[in-house]
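Start at 1 and go down the list; that is how both ligands and their atoms are numbered. It should be emphasised that the depicted structure is a prediction, and the values quoted were computed from it without experimental measurement.
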Amino acid sequence: MNSFFGRLRLSSLMTLAVCATVALTVALQLILVNHFAGRQASNEAQLRLQQLSWQMRDSLNRVIEKAVGDAKLLTELPQVRYARDADESRRVLESLQRTFPDYAWIGITDLDGKVSASTGRMLEGANVSKRPWFTTGLRGVHASDYHPAVLLEKMLPRQQDPWRFVDVSGPVLDAQGRPTGVLGLHLSWEWARRHARKLLTPALREYGAEILVIRDDGTVMLGPQSMVERKVDSTSLRLAQQGMTGALREVWPDGRAYLTGYSQTGDMLDAGSLRWSVLVRQTEERALAGAVELKLRMLGWSALLALALAGAAVLLARRLTRPMATLREAIERATEATNAGKEAPPIPRISGFLEARILSSRMRDLVQSEETHRRALLALNGRLEAAVAERTAELQALLLRDVLTGLPNRRALLESLPEAMSRARRVERPCALLFLDMDGFKAVNDGHGHEEGDELLRQFGQRLAQGVRKTDMVARLAGDEFVVVLEMLADGADAEEFAHKLLERVTAPYVLRTTTVRIGASIGIALHRPGDVPDVDGWLARADHAMYAVKRTGKNSVALAAAL
Ligand SMILES: Nc1nc2c(ncn2[C@@H]2O[C@H](COP(=O)(O)OP(=O)(O)OP(=O)(O)O)[C@@H](O)[C@H]2O)c(=O)[nH]1
């Protein structure tokens, strides 16, 4: 995880952070909207359906009450109670029908159930004594439940829906209060259908709202075509039948979820009143369609908003991190130059936010100071290297010098002998190696001390060096042994002559610190001619043998080694 974030640029991190925050905010908002909008929409839909149910119930109650009232009024009218003939009664009945055309039929019977007068003369003369409205009407004003009427239906004009009626009937009494017949009023169910259609506004119909009026036995009197005059059962129906009102969500037998508002008509205190359940239902899907649409719209707008914010976040992140990106590039360039041993380019002054300005300024100072240090270090390094080279050269020189006399030592001699031999070949002149060993040096050491011995060695060496040409070489091999290399000689005799001169020179008295001494020297000479095979060890050995030969034969003399 760390390595993942470690690979991201600051701008990417900022973009990610802002996008994540936006996405989270939008998601939370959607969840909340989804929750509250859904609940709110469901509550509102249920309330609406409940109100519709109440409106329908109240209308039903009002019309039934009106019919009962009209029936009562008619039974008390003198034109009905004391009618001279059927025409007089009929005029009254038809006059009432005109005020309320939904009274499909109004008629008066005698006590035997024979219709004496009726609207439109329908059923006049017919016997209706078997009809429930006649029998109940004899006992008092009473409304009977929804029912078909086969005879009447044949006489009435045809209409789209079948004729159904609610009957209201009551006794017609004479002056003594004795029944003389029954007044029957058939209220067409069409008014209920029409009223339901009126209540369901086009918008509600479009969203599938349905009004159901259900008889106490569960038979649908008004509702969708497929349900009319069929029995149904639902929780809302049972609640309405218990006299409750409200709204709920329930699953109907068709397997779909509905929101249903319910109420019941009639008067709880009047056992004779008509008890119809009024249900107004709407599928949950249609009822909440508005909320779903709102959610989808919000989702769309939220997505657009999130995209716009993400875009803004990218731009903002780039804008904010640009100074840091510039600083990073400058640091990388400086680092690359430093690694390549070049002068680091200066860090530019970066404008932008405060931290970037401070950081760039500090980095600028840092790189400048680093550059100064680097230059100082380079200079120091140069001086050190020069000092080391000088010291090395000194050490090198010391390695080739004899500490006591300052003359070239054995090593220097061995290095220069091959050069001397090759020069001899080049110039075609022999060169000679003189091997000198002091005679009786030990006695000086023993007699006057080592310091005096050292002094003698120094002076001996100086005399040798002063006695040869600049191109010749004097070296101290070890102890009291010295070597002189003579070049550009004519022949062996030349070398011998020079050796004698040198012997004379070195045997002169030496003034030391505490004493003056004389010393002899044995000199062995070995020549190297231009044509000789170059052999350093052999050349030295020959001179050494010649010197020893002198030692053996009396010292303080010169001997020339035999030619090769
Ligand atoms: N003072 C001093 N003495 C040295 C040094 N190196 C060698 N010696 C001494 O030099 C002497 C050389 O010995 P020898 O060559 O046998 O002495 P010598 O008396 O010259 O003998 P011959 O060559 O046979 O005449 C030794 O006593 C060494 O201790 C030195 O650097 N300083």
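- In M438, the part holding a heavy atom less than 4.0 Å from any atom of ligand 1 is the backbone.
- By the 6.0 Å contact criterion, CZ on R364 is enclosed, its count of non-hydrogen atoms from other residues, nucleotides or ligands being greater than 12.
- With a heavy-atom cut-off of 4.0 Å, D446 does not touch ligand 1 at all.
- Crowding of R374 atom CZ: a count of heavy atoms from other residues, nucleotides or ligands under 6.0 Å exceeding 12.
- Environment of CD in E451: sparse, with no more than 12 heavy atoms of neighbouring residues, nucleotides or ligands closer than 6.0 Å.
- Scanning all heavy atoms of the two residues, the minimum distance from R286 to G208 falls at NH2-N, 3.8 Å.
- The heavy-atom pair separating V485 from A420 by the smallest distance is CG1-CB, 4.3 Å.
- Annotation for E487 and C431: closest pair CA-CB, 4.0 Å, computed over non-hydrogen atoms.
- A perpendicular orientation is assigned to the rings of Y258 and W252, their planes being inclined by more than 60° (bins at 30° and 60°).
- Ranking protein heavy atoms by distance to atom 11 (C) of ligand 1, first place goes to F441 CD2, 3.7 Å.
- Close approach of ligand 1 to K442 (heavy-atom distance below 4.0 Å) involves ligand atoms 17 (O), 18 (P), 19 (O), 20 (O), 27 (O).
- Note that atom 16 (O) of ligand 1 has no protein non-hydrogen atoms nearby, at separations under 4.0 angstrom.
- Below 3.5 Å of separation, one finds no N or O of A443 facing any N or O of ligand 1.
- Counting the atoms of ligand 1 from 1 in the order shown, those under 4.0 Å from a heavy atom of D439 are 20 (O), 25 (O).
- In terms of protein heavy atoms, atom 14 (P) of ligand 1 is closest to D480 OD2, 4.1 Å.
- Heavy-atom contacts of G453 reach the following atoms of ligand 1: 1 (N) (cutoff under 4.0 Å).
- Side-chain N or O atoms of R505 include one that pairs as donor or acceptor with a backbone N or O of R463 at under 3.5 Å.
- Contacts with ligand 1 closer than 4.0 Å are made by side-chain heavy atoms of L457 only, the backbone lying farther away.
- Nearest protein heavy-atom contact of atom 31 (O) of ligand 1 is R476 NH2, 2.9 Å.
- In this structure, the protein non-hydrogen atom closest to atom 32 (N) of ligand 1 is D454 OD1, 2.6 Å.
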Show your reasoning for whether salt bridge (charged side-chain N to carboxylate O under 4.0 Å, His left out) applies to R458 and E455. CA-CA 5 Å; R458 269 193 291 271; E455 181 58 25; 3.1 Å; yes
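- Expressed to the nearest 0.5 Å, how far CD of E481 lies from CG of D437 amounts to 5.0 Å.
- For the pair K555 and ligand 1, the shortest N or O to N or O distance falls below 3.5 Å.
- Of the protein's non-hydrogen atoms, the one nearest atom 23 (O) of ligand 1 is K551 NZ, 2.7 Å.
- Interface of N445 with ligand 1, defined as ligand atoms under 4.0 Å from a residue heavy atom, comprises 1 (N), 2 (C), 3 (N), 4 (C), 8 (N), 9 (C), 10 (O).
- Among protein heavy atoms, the minimum distance from atom 21 (O) of ligand 1 is reached at G440 N, 4.2 Å.
- The closest side-chain donor-acceptor pair between T260 and E250 falls under 3.5 angstrom.
- Here the heavy atom of the protein found nearest to atom 7 (C) of ligand 1 is G479 CA, 3.4 Å.
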